[in-house]
Amino acid sequence: MVGVSVLYFAATRDLAGVAEERLDLPAELDHVELRARLAAAHPRLAALLPTCRFAVDEEIVPPGAMRLRDGSCLALIPPVSGG
Amino acid sequence: MVGVSVLYFAATRDLAGVAEERLDLPAELDHVELRARLAAAHPRLAALLPTCRFAVDEEIVPPGAMRLRDGSCLALIPPVSGG
Amino acid sequence: MANVTGLVDGPLGVAQRSPPLSPGNGAVASFLGVVRDHAKGRGVTRLHYECYRPMAEKVLARIADDARRFDPALVVTAWHGLGTMVPGEVSLVLHASSAHRGPAFDAVRWLLEEIKRELPVWKRQTFDDGSDEWVHGS
Amino acid sequence: MANVTGLVDGPLGVAQRSPPLSPGNGAVASFLGVVRDHAKGRGVTRLHYECYRPMAEKVLARIADDARRFDPALVVTAWHGLGTMVPGEVSLVLHASSAHRGPAFDAVRWLLEEIKRELPVWKRQTFDDGSDEWVHGS
């Protein structure tokens, strides 16, 4: 397990009740497992998680396995609405 | 015949050597005859006339016969280049 | 809001470049025509625009009205500059505002093509060797 | 000329709206996003924009660079406003300048779609009955 900063924005922040927190996560995991762990930490997030993408250290990670390190910054990116 | 004001712009003005003049023209004529009469008045215009449209009283006249009245304003409209 | 259109002497400034902002219209698409320092591979030092003014005023207003085909609530601003301009100066300003971006983009592109086809304005360009010529068609 | 991009607090003003004018680029196509007073048939009284700022700065700069696919000499200005805005205020400014109108129009339209798809910015809208909601997707 590695210690990761997790960032929440917009509706995900409202539902998580926190903008940023530290979570221990596996150093390698796929999107399905990541969603399960986030839903366990914040049950109210569950419905929104399938719509979210994830960014690690400010880069969107493609579907599939992702690698995390101690101190990685993981951001939930719900569907964007700029413009 | 009716007395018409004829306006020349851009290259047609340079070739006619005049910006505006009064010409006597038939009250009804088609584009072929109009071009022939303008070429007779200003031989240097001849090459440009097939590219020109004509406006009577500030409205483009469609190909075919056109009607002129005493005091009509006939403008040569060479291909435009605004923008 | 009413359309605003016109032909004015000189390059277009901040006043003409300001877009129509209306709280009902969330999208403004715009076009600026800028005098370019080259044409046909040659350097251009200045342009001179002339028009058949009474007809040009009418045609420009009519084109702006016709752009409502893209959106009945469209608001158009269209200004054309006249006279002598140097590269980098603005000769044409178009704005089209709509509730949605699709009609705004479609309208401003159509406005530009219509103006290039129908507006009785002509430009004479002066090249860096001192020669000049009327541009007919574009 | 280099691209200029950024996210700034508050509605966008005259400084951000000013287009990049360069004598080599004769065409500037632009888009302004204006806060609209209605959405989904309801009155909107204000919007609040937030972003994931370090990522948004990088994504916006990258999108502007990628727009050079339409013209290697393209120059882009892209500003997004943040925080609370009321209808009629400007939340987004895009300019794309090119030697020719085709790439300028294509680029600005593409920029807008990419920003709406990729830029990590979210808006919360407040309706005239006082209720509010996050908008997710657009």
Side-chain angles (χ1 to χ4, degrees), chain C residues 1 11-15 17-39 41 43-47 73 75 85-102 104-113 115-116 123 125 138, chain D residues 1 11-15 17-39 41 43-47 73 75 85-102 104-113 115-116 123 125 138:
Chain C
M1 285 176 83
L12 300 174
V14 170
R17 271 146 51 183
S18 126
L21 295 183
S22 134
N25 281 353
V28 182
S30 309
F31 180 81
L32 295 186
V34 181
V35 176
R36 215 172 46 187
D37 60 9
H38 62 281
V44 170
T45 56
R46 63 179 190 275
L47 294 184
V75 182
M85 295 178 217
V86 299
E89 292 185 322
V90 175
S91 59
L92 179 70
V93 171
L94 303 175
H95 297 294
S97 90
S98 167
H100 300 288
R101 60 193 187 273
F105 278 127
D106 291 344
V108 80
R109 207 155 176 163
W110 180 86
L111 283 165
L112 179 57
E113 298 309 319
I115 285 167
K116 288 186 168 281
K123 76 178 169 199
Q125 57 194 6
S138 56
Chain D
M1 285 174 81
L12 301 173
V14 169
R17 271 144 56 182
S18 126
L21 296 183
S22 134
N25 281 353
V28 182
S30 308
F31 180 82
L32 295 187
V34 181
V35 176
R36 215 171 47 185
D37 60 9
H38 63 281
V44 169
T45 56
R46 63 179 190 275
L47 294 183
V75 181
M85 295 178 217
V86 299
E89 291 185 322
V90 175
S91 58
L92 180 70
V93 171
L94 303 174
H95 297 294
S97 91
S98 167
H100 300 289
R101 61 193 187 272
F105 277 127
D106 291 344
V108 79
R109 208 158 177 162
W110 180 86
L111 285 165
L112 179 57
E113 299 308 319
I115 284 168
K116 286 185 169 283
K123 74 177 168 200
Q125 56 194 8
S138 57

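Letters A, B, ... mirror the listed sequences (proteins, then strands); counts begin at 1.
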- Query: With sequence neighbours left out, what residues match Arg109(D) under side chain to side chain donor-acceptor pair (under 3.5 Å)?
  - Reply: Asp106(C)
- Message: Please give me the minimum heavy-atom distance between His38(C) and Ala99(D), naming the atom from each residue.
- Response: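 Taking His38(C) first and Ala99(D) second, the nearest heavy atoms are NE2-CB, 4.3 Å.
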- How far apart are the closest heavy atoms of Val28(C) and Val34(D), and which atoms are they?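 Residues Val28(C) and Val34(D), closest heavy atoms: CG2-CG2, 4.0 Å.
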- Task: Answer yes or no: is there a side-chain heavy-atom contact under 4.5 Å between Leu112(D) and Arg101(C)?
- Result: yes
- Message: Would you compute the distance between atom CG of Leu32(C) and atom CG of Asn25(D) and round it to the nearest 0.5 angstrom?
- Response: 12.0 Å
- OG/Ser98(D) to CZ/Arg36(C) distance, rounded to the nearest 0.5 angstrom?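 Ser98(D) atom OG to Arg36(C) atom CZ measures 9.0 Å (nearest 0.5 Å).
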- Residues of residues 86-94 of chain C with any heavy atom under 4.5 Å of a heavy atom in chain D: Pro87(C), Gly88(C), Val90(C)
- Between Gly33(D), Ala27(D), Gly24(D), Pro19(D), which shows the greatest number of heavy-atom pairs under 4.5 Å with chain C? Gly24(D)
- Task: Under 4.5 Å, counting heavy-atom pairs only, tell me which of Ala104(C), Ser30(C), Ser97(C) racks up the most with chain D.
- Result: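 Heavy-atom pair counts peak at Ser30(C).
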